[in-house]
2 protein chains.
Amino acid sequence: MDDYQELARRVRAQGGRMTPQRQIVLEAISALDGHASANEIYEWVAARAPAVNRATVYRVLRFLCEANLVAPFATDGVMLYELVGARPHHHLVCRGCGHVEPIPAQALDVLVTALCREHGFQAELRHLAITGLCRECRQ
Amino acid sequence: MDDYQELARRVRAQGGRMTPQRQIVLEAISALDGHASANEIYEWVAARAPAVNRATVYRVLRFLCEANLVAPFATDGVMLYELVGARPHHHLVCRGCGHVEPIPAQALDVLVTALCREHGFQAELRHLAITGLCRECRQ
DNA sequence: CGCCTTATTGCAAATCTTTGCAACAAGAAA
DNA sequence: TTTCTTGTTGCAAAGATTTGCAATAAGGCG
Ligand SMILES: [Mn+2]
Ligand SMILES: [Mn+2]
Ligand SMILES: [Zn+2]
Ligand SMILES: [Zn+2]
């Protein structure tokens, strides 16, 4: 888990307040080691702070995403949440073996450059999940 | 709307059956001119076939997506549905003006090639929604 | 055209997610 | 530390999506 003071500072920088609920949700995401669903996060939180309401977990997740402390990321319909770390990255999700491979964000710079050149569009690619077949599953 | 016989054939090719419910959902997506939400589709259907149940619309949409007759596509949290057309494409969604610009799928070939070369990963990019800023909104 | 098999539907109940509102409490200011 | 403002929370109710199950009907076969 990152430093509480630093997280509180970043929450207040958004005009928000640091609360026990926001703190424990951050702990949950950290403890669940990235890529946790809203329900998994709620279960983790409820196990140690039963008073925290489900609706609050949803609202906290939305807030943390907007505050850019947490990154949401959709894998075929399911929303997962991950702490925004030092290095931005994306994911290669193999539909064969289910393996999830993180790749540095600059691996997609080639696309960003092309879109900018061809369409004048400044793409903001954050924490994508790209599905396909990994090297092994391609035989 | 595409030819009913052809659609029915493709449904049966999946081991499925063509029903009035599936037919009218396809009509709805077509009439709504692409990019319709589950609720918009349900409203359209309910207006002319009130007996069709909401749960059925959800199940039909899932079936059509798996049968590859319809492509789902997420724009910040909301799932939209579109008929799979002749030419595969993606979308550039501007977060400034909200404009949605379709681009041919091969615009992303540069990325597919790079991922294959760098990671041995065969990406399957289908009907993506890429957010960012369009030329005008960048000033 | 009937008869079967079984995929599909409607319904109701279960889940998941959002929202309105009054009570609460974080944190800035005194 | 006490006060005050207003962002947050819990709760309950609404809305969205999924699921179990018995009844229905698509379509292959005679
Ligand atoms: Mn990640
Ligand atoms: Mn499209
Ligand atoms: Zn694999
Ligand atoms: Zn724009």
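- Taking 4.0 Å as the cut-off between side-chain N and carboxylate O, E124(A) and R95(B) count as a salt-bridged pair.
- Between dT19(D), dT9(C), dT17(C), one nucleotide has an atom nearer to the side chain of T19(B) than all others, and that is dT9(C).
- Summarising the geometry, atom OH belonging to Y81(A) is positioned 11.5 Å from atom CD belonging to E40(A); distances are rounded to the nearest 0.5 Å.
- When the P atom of dT9(C) is taken as reference, atom CD of Q23(B) falls 12 Å away, rounded to whole Å.
- Going from atom OH of Y42(A) over to atom C1' of dT9(D) covers 14 Å, rounded to whole Å.
- Here R59(A) lies in heavy-atom contact (under 4.0 Å) with a base.
- dC16(C) atom C1' lies 13 Å from atom CG of L61(A), rounded to whole Å.
- In this structure, R17(A) places its CZ atom 15 Å from P of dC4(D), rounding to the nearest Å.
- The base of dT8(D) has none of its N or O atoms less than 3.5 Å from a complementary donor or acceptor on the side chain of R22(A).
- A straight line from CD of Q14(A) to P of dT8(D) spans 10 Å, rounded to a whole angstrom.
- Not a single donor-acceptor pair under 3.5 Å links the side chain of R62(A) to the backbone N or O of Y58(A).
- Comparing A55(B) and N39(B) by the nucleotide of DNA chain D whose heavy atom lies nearest to each, the residue mapping closer to the 5' end is N39(B).
- When every heavy atom of H119(B) is checked against every heavy atom of I103(A), the shortest pair comes out as NE2-CG2, 3.5 Å.
- Between Q21(A) atom CD and dT8(D) atom C1' the separation is 8 Å, expressed in whole Å.
- Shown here for L125(A) and H90(A), the closest heavy-atom pair between the two residues is O-CE1, 3.4 Å.
- Of the candidates dT8(C), dT9(C), dT19(D), dT19(D) carries the atom nearest the R62(B) side chain, counting heavy atoms from C-beta on.
- The CD1 atom of I24(A) sits 12 Å away from the P atom of dT9(D) (whole-angstrom rounding).
- In this structure, CZ of R54(A) is placed 17 Å from P of dA13(D), rounded to the nearest angstrom.
- For M18(A), taking side-chain heavy atoms from C-beta onward, the closest of the listed nucleotides dT18(D), dG27(D), dG27(C) is dG27(C).
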